[in-house]
2 protein chains.
Amino acid sequence: MNGQIFSALAEPNRLDIIDLLLKGALPVGDIAKKLDLNQPQTSKHLRVLCDAGLVEVQPIANRRIYKIRPEPFHELDRWLDSYRRLWEDRMDRLDDYLNVLQGKKPLN
Amino acid sequence: MNGQIFSALAEPNRLDIIDLLLKGALPVGDIAKKLDLNQPQTSKHLRVLCDAGLVEVQPIANRRIYKIRPEPFHELDRWLDSYRRLWEDRMDRLDDYLNVLQGKKPLN
DNA sequence: TTTGAATATTCCTTTACAGGAATATTCCTT
DNA sequence: AAGGAATATTCCTGTAAAGGAATATTCAAA
């Protein structure tokens, strides 16, 4: 799992941007307006999201239209998958650890 | 979507801790050993994960066994859900925006 | 009740990063 | 070519957060 994705989404405004772009691609100005952000900070946030691979740009005339890239979300989904399986399989091996404490099993 | 979850997972060592705990609950010492971290930093990271609701503690004698809490992961899953639907439904409304540019549709 | 193991906390320093303001860039329009 | 709109970048400053080292806390065992 690529931690850069989490870093990018950790910033509240960037998470808002992603949630906004989920509804459709938008140019910088619209994003800034809708989220009540200054244009420069919006561009900076979009840069980070771009570097993390979460969004991509499509220049149209003067504007730069930003849209979400699905890949990182699929990666997130796959990561959650491994979590789901382990969870259903009783992933909290607390009982196992209790055995360890009682010397019934070695600690690797 | 709670951004605190992303903040907590944004730190590489903390993501490692989560991935480790996915395989089973562990006390602080074992986590530190397996990830080659100092004990104090490990405790600090676990504190952050705890505050974010990603893990919980169960004290056993001297040790404090940390295990993953499923709720935040379900929340993440639900968040990804809304993303999935929109994506299948052609969420990149680039065409729509092109119409906007041509003055065929007002910009909300 | 002292000792030691396991863990948490505090203090300090350094670094990363977000926001503001100003400026640069790009590209359309005239 | 000049002007203006949309966007990106730079510089600066403040703040949050991570790591190291030292110390405090908790609890079991003798």
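Lettering follows sequence order; numbering is per chain, from 1.
With respect to A:K34 and A:D30, no salt bridge is recorded, no charged nitrogen being found less than 4.0 Å from a carboxylate O. The existence of a salt bridge linking A:R84 and A:D77 is confirmed by a sub-4.0 Å separation between a basic side-chain nitrogen and an acidic carboxylate oxygen.
Scanning both residues, A:L21 and A:Y66, for their nearest heavy atoms gives CD2-O, 3.6 Å. Nearest approach of A:I5 to A:A52, heavy atoms of both residues: CG1-O, 4.5 Å.
At whole-Å resolution of the value, NZ in A:K44 and C1' in C:dC17 are 10 Å apart. Put simply, CG on A:L49 is 10 Å from P on C:dA18, counting in whole angstrom units.
Between A:H45 and C:dG19, a side-chain N or O to OP1/OP2 separation shorter than 4.0 Å is present.
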Using a cutoff of under 3.5 Å, can you pull out all pairs of nitrogen or oxygen atoms linking the protein to nucleotides 1-6 of chain C, with atom names and distances?
unit_1: C:dA5; atom_1: N3; unit_2: B:N62; atom_2: ND2; d: 3.2

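Checking C:dT29 for Watson-Crick or G-U wobble geometry (two distances, each under 3.5 Å) identifies D:dA2 as its partner.
If you chain together hydrophobic residues whose side chains sit under 4.5 Å apart, B:I18 and B:M1 fall into the same group. One hydrophobic cluster holds both A:L20 and A:I68 under the rule that ILVMFWY side chains link at heavy-atom gaps under 4.5 Å. In the hydrophobic clustering of this structure, A:L49 groups with B:L80; members are Ile, Leu, Val, Met, Phe, Trp, Tyr whose side-chain heavy atoms approach within less than 4.5 Å, directly or through other members.
Heavy-atom nearest nucleotides on DNA chain D were determined for B:V48 and for B:Q39, and the one closer to the 5' end corresponds to B:V48.
Checked against a 6.0 Å centroid threshold, the rings of A:W79 and A:F6 count as neighbours.
The span of DNA chain D lying next to chain B, judged by atoms under 4.0 Å from heavy atoms, is bounded 5' to 3' by D:dA18 to D:dA28.
Residue B:P59 is classed as having no contact, given no heavy-atom separation below 4.0 Å to the nucleic acid.
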